**Student:** 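Submitted below is the structure of interest, expressed as structure tokens.
Counting starts at 1 for both ligands and their atoms, in listed order. Since the model is a prediction, treat every value here as computed from it, not as a measurement.
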Amino acid sequence: MKSLDEYLRDAEQAHGHLCAGQVLGVRMAMLGLEKLGIHDPVGNREDRKRLVTFVEIDRCATDAIGVVTGCRLGKRALKFRDWGKMAATFVDVATGKAIRIAAKESSKALARTMHPELDSKNRQQMLAYREMPEDDLFATQWVKVELPAEEFPGYKGDRIVCAECGEGINFRREIQRDGRVLCRACAGERYYEPL
Ligand SMILES: [Zn+2]
Ligand SMILES: [Zn+2]
């Protein structure tokens with residue numbers, strides 16, 4: 001594993017700037033890997049194939065988690081649950097072990113008291129989140145994550161065609177409705193309205 005500073009440099013480059021979220025994300029991911037005993041998920045092929053990460057927010061920290069873990073949406077190793085929470089779960093698919101790590105709500109107030117001399121909240125947090133002991137920053141919990149076959153990065157399955165729109169559907173995301181096979185949009189879960 002690289003050092004915190006090295007990861008922060010990588011994260012800054014990937015994300016476009018250094019911010020409190022990058023520090024939080026890098027430390028969260030480093031802690032997750034350490035707990036799972038996965039040392040080099042970016043460089044080592046065996047380590048890389050072991051790891052699946054669930055993120056619960058689409059903010060700065062998520063980019064940093066991707067940098068440290070090497071888990072990416074396009075590789076199906078990064079799973080997004082849109083819950084608006086600063087938390088992530090790191091799953092070792094080789095052993096079935098999984099740990100969920102959430103940033104403590106109290107860490108924000110603590111950051112303010114650690115560096116009152118700094119004028120901006122972001123600078124206070126950026127520095128404090130580097131220095132803060134793990135236990136002040138994060139709550140950790142061992143969990144069990146059911147990962148069906150189609151959720152695994154390397155899953156190969158048949159593509160199904162939606163009976164309504166004719167578009168192809170992968171990874172068993174189809175829905176059976178009154179004897180027809182539909183995509184989620186045609187089944188009523190559209191996030192868009194056709195014009
Ligand atoms: Zn940011
Ligand atoms: Zn459809």
**Student:** Write down the atom of Tyr129, the atom of Ala20, and the distance for their closest heavy-atom approach.
**Tutor:** CD1-O, 3.9 Å
**Student:** To the nearest 10 degrees, could you say what angle the Zn ion (ligand 1) makes with SG of Cys60 and NE2 of His17?
**Tutor:** 140°
**Student:** Any side-chain to backbone donor/acceptor pair from Gln124 onto Leu118? Under 3.5 Å, distance only.
**Tutor:** yes
**Student:** Can you give the angle Cys186 SG - the Zn ion (ligand 2) - Cys165 SG, rounded to 10°?
**Tutor:**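 For SG of Cys186 and SG of Cys165, the angle centred on the Zn ion (ligand 2) reads 110°.
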**Student:** Does Arg76 count as lying over the ring of Phe171, i.e. NZ or CZ under 6.0 Å from the six-ring centre, within 45 degrees of the axis?
**Tutor:** yes
**Student:** Side chains of Met30 and Leu4, heavy atoms from C-beta outward: is any pair under 4.5 Å?
**Tutor:** yes
**Student:** Using the Zn ion (ligand 1) as the vertex, how large is the angle between SG of Cys19 and NE2 of His15, rounded to 10 degrees?
**Tutor:**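 Result: 120°, to 10°.
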**Student:** Given atoms SG of Cys183 and SG of Cys162, what angle do they subtend at the Zn ion (ligand 2), to the nearest 10 degrees?
**Tutor:** 110°
